[in-house]
Trainee: 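Encoded as structure tokens, here's the structure I'll be asking about.
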Number of protein chains: 2
Amino acid sequence: MKTSLHDTIRADFAARIRAGELAPGDRLPTEAELCEAYGCSRMTVNKALTALAAEGLVERRKRAGTLVAHPRVHAMVLDVPDLAARVRAEGQAYAYELLACSERSPQRGEAGEVALAAGGRLLALDGLHRANGRPLAVEHRLVSLAAVPAMREAALGVEGLGEDGPGTWLLRHIPWTEAETRITAAGATREEAALLGVAAGHACLCIERRTWRGDEAITLVRQVFPGELYDLVARFGP
Amino acid sequence: MKTSLHDTIRADFAARIRAGELAPGDRLPTEAELCEAYGCSRMTVNKALTALAAEGLVERRKRAGTLVAHPRVHAMVLDVPDLAARVRAEGQAYAYELLACSERSPQRGEAGEVALAAGGRLLALDGLHRANGRPLAVEHRLVSLAAVPAMREAALGVEGLGEDGPGTWLLRHIPWTEAETRITAAGATREEAALLGVAAGHACLCIERRTWRGDEAITLVRQVFPGELYDLVARFGP
DNA sequence: CAGTGGTCTAGACCACTGA
DNA sequence: CAGTGGTCTAGACCACTGA
């Protein structure tokens with residue numbers, strides 16, 4: 001696999017910036033100078049520098065040139081893999097246990113539920129995720145039947161949702177295009193504590209995710225993990 | 001501000017994919033067909049499709065063409081703003097209180113500390129973040145004096161670190177290029193609980209971040225927030 | 001107002017790969 | 001093996017903006 005010239009140029013400067021050889025605010029050579037240096041056309045150099053700008057390593061300004069960007073603290077990449085996949089990646093057996101399943105209307109005054117339902121009804125699914133048989137997380141999920149009518153049959157019917165639970169089923173059938181995830185800590189409620197096998201008030205990581213497909217809300221899910229059993233990792237860098 | 005043609009093409013297809021009009025696995029027109037449709041050269045079309053691929057909305061394969069990608073669950077963008085900035089953005093007064101500051105060698109057997117020190121010594125800074133005077137987070141920080149010798153004088157000297165604490169000082173003086181953040185939940189220790197004004201064992205959100213500048217480790221910081229006072233938000237989508 | 005990057009053209013050759 | 005995208009060229013015109 002031969003690397004392309006534009007990627008070589010991009011990687012050259014990415015390395016020099018990350019090594020600190022080029023400091024924030026420093027100016028890179030102009031496109032014309034780089035054409036000369038690398039013996040290539042301006043489009044090739046432009047592609048390399050545009051890619052560096054997209055990575056956030058440089059900032060490009062007309063007349064002023066291409067400057068090494070000041071690092072941004074925001075915009076780290078958060079890995080949020082499918083729970084079943086993550087458990088199995090660690091060599092453990094994964095299982096989802098459906099505890100309760102009911103169809104209902106959104107609760108009045110619950111703005112999140114009303115917006116999710118979009119005038120239709122909701123499917124409420126409570127379940128428990130297990131790793132090697134041990135409880136890993138309690139999950140409360142609401143699914144919009146307006147957006148995913150097929151879910152009623154899947155959850156209540158003979159066929160079922162499969163071993164991996166409603167999250168994986170939804171991913172396979174109705175992939176989302178937008179998502180928002182909120183992460184916080186909270187003490188386990190008595191009910192959650194009983195299911196997880198911890199004391200009430202035990203420090204838990206709470207992950208709440210809403211997903212959409214275009215404008216249409218699909219699902220709202222809240223997962224509660226005992227803090228010592230789960231963590232999330234975010235990275236910024238190469 | 002006139003939008004460029006390649007961005008118009010990119011936005012056209014991004015909208016159609018997000019609306020669900022084009023489903024995962026569907027094939028986009030070939031570059032040649034798009035040249036015809038938009039009356040432009042292939043480079044322009046190529047730029048638009050390459051950008052869509054970088055966004056993760058399409059996958060490009062030779063011979064097979066450009067296909068709408070199956071959504072990925074990973075790779076959400078996590079906002080990790082400067083704590084001082086985030087508190088002020090909510091209209092509250094921010095303050096950092098330095099509780100303890102000492103210079104020491106890394107503890108033997110603590111692999112993280114030894115790697116951070118890189119043969120040199122460490123500065124240990126304990127502090128409390130406040131929002132409107134109320135404790136928001138306890139912070140334990142280690143800084144590599146090999147990487148940031150100026151920090152000794154800044155922290156121990158007359159000048160001090162400024163109102164915003166060592167995190168903001170470091171950002172201004174030694175911007176990082178790589179970072180790893182680990183997020184979990186844990187019960188407050190007795191010491192943490194006393195500082196935060198909560199009960200011991202109270203559910204707290206723990207954020208642990210390591211930063212590097214190129215190959216050089218800069219700092220390792222652990223922040224502990226009462227769960228009800230702080231949450232993190234990650235987004236995927238437009 | 002001169003230098004910079006942004007965009008675009010109309011070609012070209014090629015590697016890859018699935019019909 | 002034909003069609004696809006990947007890459008690259010050698011130009012061009014232009015908008016923007018900071019010296």
Side-chain angles (χ1 to χ4, degrees), chain A residues 1-17 21-72 238, chain B residues 1-17 21-72 238:
Chain A
M1 158 101 191
K2 197 188 152 214
T3 34
S4 57
L5 179 53
H6 69 79
D7 199 57
T8 302
I9 300 173
R10 187 204 56 74
D12 279 359
F13 282 93
R16 292 175 63 186
I17 292 168
E21 184 187 330
L22 289 165
D26 283 0
R27 207 178 132 169
L28 270 63
T30 66
E31 293 194 350
E33 288 165 343
L34 288 171
C35 292
E36 188 85 10
Y38 285 92
C40 65
S41 78
R42 222 192 108 204
M43 274 299 275
T44 302
V45 162
N46 182 275
K47 190 163 188 173
L49 295 183
T50 300
L52 284 173
E55 278 185 74
L57 286 174
V58 305
E59 193 180 334
R60 311 198 73 193
R61 268 182 274 162
K62 295 185 189 190
R63 175 78 216 221
T66 302
L67 308 171
V68 177
H70 290 80
R72 301 161 305 166
Chain B
M1 156 103 189
K2 197 189 151 213
T3 35
S4 57
L5 180 53
H6 68 80
D7 201 55
T8 302
I9 301 173
R10 187 203 56 72
D12 278 359
F13 282 93
R16 293 175 63 187
I17 291 169
E21 184 187 332
L22 288 165
D26 282 1
R27 208 177 132 170
L28 269 63
T30 67
E31 294 194 350
E33 288 166 343
L34 289 170
C35 292
E36 189 84 11
Y38 285 92
C40 65
S41 77
R42 222 191 106 204
M43 275 299 275
T44 301
V45 162
N46 181 275
K47 190 163 187 173
L49 295 183
T50 300
L52 284 173
E55 277 185 75
L57 286 175
V58 305
E59 191 181 334
R60 311 199 75 194
R61 268 183 272 164
K62 296 185 189 191
R63 176 78 217 218
T66 302
L67 309 171
V68 177
H70 289 80
R72 301 162 306 167

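Hydrogens, waters and symmetry mates play no part in the numbers below; they use all other heavy atoms, side chains included. Numbered from 1 within each chain, the chains take letters A, B, ... in sequence-line order.
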Trainee: Please determine if a side-chain N or O atom of B:K62 lies less than 4.0 Å away from the OP1 or OP2 oxygen of D:dG6.
Mentor: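 Checking B:K62 against D:dG6: no side-chain N or O falls below 4.0 Å of OP1 or OP2.
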Trainee: Go through C:dG6, D:dG5, D:dT9 for me and flag the one nearest to the A:C40 side chain.
Mentor: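 Per side-chain heavy atoms of A:C40, the pick is D:dT9.
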Trainee: Over how many whole Å does the gap from A:R60 atom CZ to D:dT17 atom C1' extend?
Mentor: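 Going from A:R60 (CZ) to D:dT17 (C1'), I get 15 Å.
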Trainee: Would you say a side-chain N or O of B:S4 is under 4.0 Å from OP1 or OP2 of C:dT7?
Mentor: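 For C:dT7, OP1 or OP2 has a side-chain N or O of B:S4 closer than 4.0 Å.
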Trainee: Give the rounded distance in Å between these two atoms: CZ of B:R42 and P of C:dC14.
Mentor: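 After rounding, the gap between these two atoms is 14 Å.
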Trainee: Without decimals, in angstroms, what is the distance between B:L52 CG and D:dG6 P?
Mentor: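 Rounded to whole Å, this separation is 12 Å.
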Trainee: OP1 or OP2 of C:dC8 versus the side-chain N and O atoms of B:K47: is any pair under 4.0 Å?
Mentor: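 Checking C:dC8 against B:K47, no side-chain N or O comes under 4.0 Å of OP1 or OP2.
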Trainee: Would you mind reading off the distance between B:D7 atom CG and D:dA15 atom P, rounded to a whole angstrom?
Mentor: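 Taking CG of B:D7 and P of D:dA15, I get 18 Å after rounding.
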Trainee: Output the pairing pattern of DNA chain C as a dot-bracket string, 5' first, Watson-Crick or G-U wobble with both distances under 3.5 Å, | for cross-strand pairs, [ ] for crossing pairs.
Mentor: ||||||||||||||||||.
Trainee: Looking at every strand, decide which applies to B:L5 at a 4.0 Å heavy-atom threshold: base, sugar-phosphate, or nothing.
Mentor: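 Sugar-phosphate, no base atom in range.
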Trainee: Can you tell me how far C1' of C:dA12 sits from CD of B:E31, to the nearest Å?
Mentor: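 Going from B:E31 (CD) to C:dA12 (C1'), I get 14 Å.
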Trainee: Do A:L57 and A:F13 have side chains that approach each other closer than 4.5 Å (heavy atoms only, starting at C-beta)?
Mentor: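 Side-chain contact under 4.5 Å: no.
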Trainee: Look up atom CD in B:E36 and atom OG1 in B:T30, then write down how far apart they are to the nearest 0.5 Å.
Mentor: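 B:E36 atom CD to B:T30 atom OG1 measures 10.0 Å (nearest 0.5 Å).
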Trainee: Using only modelled atom types and a 3.5 angstrom limit, is any donor from either the side chain of A:R61 or the base of C:dG6 paired with an acceptor on the other?
Mentor: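 No such pair is found, so the answer is no.
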Trainee: Whole Å only: how far is the CD atom of A:E33 from the C1' atom of C:dG3?
Mentor: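 Result: 11 Å.
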Trainee: What about A:R63, does its side chain sit under 3.5 Å from the base of D:dA19 through a donor-acceptor pair?
Mentor: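 Result: no qualifying N/O pair found.
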Trainee: Under 4.0 Å between a side-chain N or O of A:R27 and OP1 or OP2 of C:dT4?
Mentor: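 Yes.
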Trainee: Could you grab the distance from atom CD1 of A:I9 to atom CG of A:L28, nearest 0.5 Å is fine?
Mentor: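 Rounded to the nearest 0.5 Å, the CD1-CG separation comes to 11.5 Å.
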Trainee: On the nucleotide C:dG5, are OP1 or OP2 found under 4.0 Å from the side-chain N or O atoms that A:T66 carries?
Mentor: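 Result: yes.
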Trainee: Using the rule given for side chain to side chain contact (heavy atoms under 4.5 Å, CB included), can you reason through A:V58 versus A:I17, listing the C-alpha separation, both sets of side-chain angles and the distance that settles it, and then say yes or no?
Mentor: CA-CA 9 Å; A:V58 305; A:I17 292 168; 3.7 Å; yes
Trainee: Kindly indicate whether the side chain of A:R60, heavy atoms from C-beta on, has any atom under 4.5 Å from the side chain of A:T50.
Mentor: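 In short, these two side chains touch, coming nearer than 4.5 Å.
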Trainee: If the cut-off is 4.0 Å, is A:N46 near the phosphate of C:dT7, judged by side-chain N/O to OP1 or OP2?
Mentor: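 Checking C:dT7 against A:N46, no side-chain N or O comes under 4.0 Å of OP1 or OP2.
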Trainee: Can you tell me the distance, in whole Å, between the CG atom of B:L34 and the P atom of C:dT9?
Mentor: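 Distance check: B:L34 CG to C:dT9 P gives 13 Å.
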Trainee: How long is the gap from OG1 on A:T44 to CG on A:D7, to the nearest 0.5 Å?
Mentor: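 Here the interatomic distance stands at 12.0 Å.
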Trainee: Between P on C:dG3 and CD on A:E36, what's the gap in Å once rounded to a whole number?
Mentor: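 Checked: the CD to P distance equals 16 Å.
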Trainee: Specify the residue among A:M43 and A:A64 whose closest nucleotide of DNA chain D lies further upstream toward the 5′ end.
Mentor: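 This one resolves to A:M43.
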Trainee: Donor-acceptor pair, distance only, cut-off 3.5 Å: does the side chain of A:D26 make one with the backbone of A:A23?
Mentor: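 Indeed, once roles are kept as given, a pair shorter than 3.5 Å links the two residues.
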Trainee: Using 0.5 Å steps for rounding, measure from the CG atom of B:L34 to the CG atom of B:D12.
Mentor: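 Atom-to-atom, B:L34:CG and B:D12:CG are 10.0 Å apart.
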